[in-house]
Amino acid sequence: MPSPYTTPYSLQALTADRAEDFWRVTDSVARERRYLSFLEISQPLSAQYVARQLAANAPHLLLLYGDQVVGWCDVSPHEWPIHRHRGTLGMGMLPAHRGLGLGGWLLEQTLALAAKRGFHRVELTVHADNRRAIQLYRRHGFQQEGHLRDAIHIDGRFGDALLMARIN
């Protein structure tokens, strides 16, 4: 998918040969200890996740700067038959590439792919203090459906989380 920007950004579907690149980026964002449910991600755990995503033909795009993976956005399908119309959104980006408007492009392309693949509902959980992400999700049609008090515990501190969803 070509970039709407004049810079060397592009999107690529996740492939098995990009699994290690995906792991490096997700682990790096996890180690920031601010955005994800994981505080670090092992390579074997990431490889299992990639295998499940590929087997399910799940919407999963990588953001590239040149040939380097610098972000991702994915929708993980629910496994139970009555919930297969739903998926859980995950996304992240390396710090140097944030704040450039790329998140909205990456998110919209992933959501369009999810709609094509039959996802009627896409949901997510976001840390309540992650204002930029919450604004991004709202701009792209997500609505808050819940507020989980003290749902997060990192380094001795509790934090709230928001449940958000978008219906396609």
Side-chain angles (χ1 to χ4, degrees), residues 1-5 7-81 83-127 130 132-133 136-137 140 142 152 154 161 163-166 168:
M1 285 163 243
S3 168
Y5 303 94
T7 59
Y9 287 99
S10 63
L11 299 178
Q12 177 186 41
L14 176 68
T15 59
D17 62 327
R18 285 290 193 174
E20 192 167 322
D21 297 328
F22 171 69
W23 164 66
R24 283 191 188 105
V25 171
T26 56
D27 184 56
S28 179
V29 173
R31 288 174 185 271
E32 291 180 58
R33 306 174 75 81
R34 295 188 58 209
Y35 305 112
L36 303 181
S37 294
F38 294 94
L39 301 178
E40 64 182 68
I41 300 171
S42 71
Q43 190 170 11
L45 181 65
S46 180
Q48 291 171 2
Y49 178 74
V50 167
R52 281 193 312 272
Q53 288 291 90
L54 293 175
N57 195 29
H60 194 132
L61 295 177
L62 302 175
L63 174 67
L64 279 68
Y65 181 75
D67 193 44
Q68 178 186 6
V69 175
V70 297
W72 80 95
C73 187
D74 59 39
V75 177
S76 299
H78 291 261
E79 73 178 79
W80 300 106
H83 298 289
R84 287 203 181 121
H85 66 287
R86 297 168 45 200
T88 301
L89 183 99
M91 70 181 297
M93 195 176 301
L94 295 177
H97 304 275
R98 295 176 190 152
L100 304 175
L102 297 163
W105 174 52
L106 176 58
L107 178 59
E108 269 308 312
Q109 294 299 311
T110 304
L111 291 171
L113 190 55
K116 286 180 188 173
R117 295 197 180 155
F119 288 89
H120 175 70
R121 175 186 167 89
V122 177
E123 52 205 29
L124 61 89
T125 302
V126 60
H127 295 205
N130 190 348
R132 286 175 61 183
L136 171 71
Y137 299 138
H140 292 274
F142 285 84
I152 300 163
I154 301 172
L163 303 175
M164 300 181 81
R166 170 179 148 158
N168 287 329

Item checked: Derivation and outcome, side chain to side chain contact (heavy atoms under 4.5 Å, CB included), residues T88 and V75 -> CA-CA 5 Å; T88 301; V75 177; over 6 Å; no
Pairs under 3.5 angstrom only: tabulate donor-acceptor contacts from the side chains of residues 34-44 to other protein residues two or more places apart or in another chain.
from	atom 1	to	atom 2	distance (Å)
S42	OG	L45	N	3.2

Margin query: Restricting to salt bridge (charged side-chain N to carboxylate O under 4.0 Å, His left out), what partner residues turn up for R84, sequence neighbours left out?
Written below: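 For R84 there are no salt bridge (charged side-chain N to carboxylate O under 4.0 Å, His left out) partners, ignoring immediate neighbours.
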Note to self: What verdict does the side chain to side chain contact (heavy atoms under 4.5 Å, CB included) test give for D27 and S46, after you've listed the backbone C-alpha separation in whole Å, the side-chain angles of each residue and the deciding distance to 0.1 Å?
What the structure shows: CA-CA 9 Å; D27 184 56; S46 180; over 6 Å; no
Margin query: With rounding to the nearest 0.5 angstrom, report the NZ to CG distance, K116 to L111.
Written below: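 Reported to 0.5 Å precision, the distance equals 12.5 Å.
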Next item on the list: Working to the nearest 0.5 Å, report the span between CZ of F119 and NE2 of H85.
Entry: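 Between F119 CZ and H85 NE2, I get 10.5 Å after rounding to 0.5 Å.
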Check: Short question: side chain of R98, backbone of M93 - any donor-acceptor pair under 3.5 Å?
Finding: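 Confirmed, R98 side chain pairs with M93 backbone.
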Check: So, does R166 use its side chain to make a donor-acceptor pair with the main chain of H140 at under 3.5 Å?
Finding: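 Flag set: sc R166 to bb H140 pair under 3.5 Å.
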I need the minimum non-hydrogen distance between [X] and [Y], along with the two atoms involved.
{"X": "L89", "Y": "C73", "result": "CD1-SG, 3.6 Å"}
{"X": "Y137", "Y": "M91", "result": "OH-CG, 3.6 Å"}
{"X": "L102", "Y": "H97", "result": "CD1-O, 3.7 Å"}
{"X": "L54", "Y": "L14", "result": "CD2-O, 3.4 Å"}

Item checked: Heavy-atom side-chain contact between R52 and S76 under 4.5 Å ->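 Sidechains of S76 and R52: no contact.
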Check: Relative to each other, are the rings of W72 and F22 parallel, tilted or perpendicular (30° and 60° limits)?
Finding: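 Perpendicular.
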Next item on the list: Start with the C-alpha distance between N168 and R121, add both sets of side-chain angles, then the distance that settles side chain to side chain contact (heavy atoms under 4.5 Å, CB included), and finish with yes or no.
Entry: CA-CA 6 Å; N168 287 329; R121 175 186 167 89; over 6 Å; no
Next item on the list: Walk me through it: do F142 and E123 pass the test side chain to side chain contact (heavy atoms under 4.5 Å, CB included)?
Entry: CA-CA 8 Å; F142 285 84; E123 52 205 29; over 6 Å; no
Using atom types as modelled, flag every donor-acceptor pair under 3.5 Å from a side chain in residues 55-71 to any protein atom, sequence neighbours excluded.
from	atom 1	to	atom 2	distance (Å)
H60	ND1	Q53	NE2	3.3
D67	OD1	R18	NH2	2.7

Next item on the list: Given side chain to side chain donor-acceptor pair (under 3.5 Å), test D74 with Y49 step by step and report yes or no.
Entry: CA-CA 11 Å; D74 59 39; Y49 178 74; 3.1 Å; yes
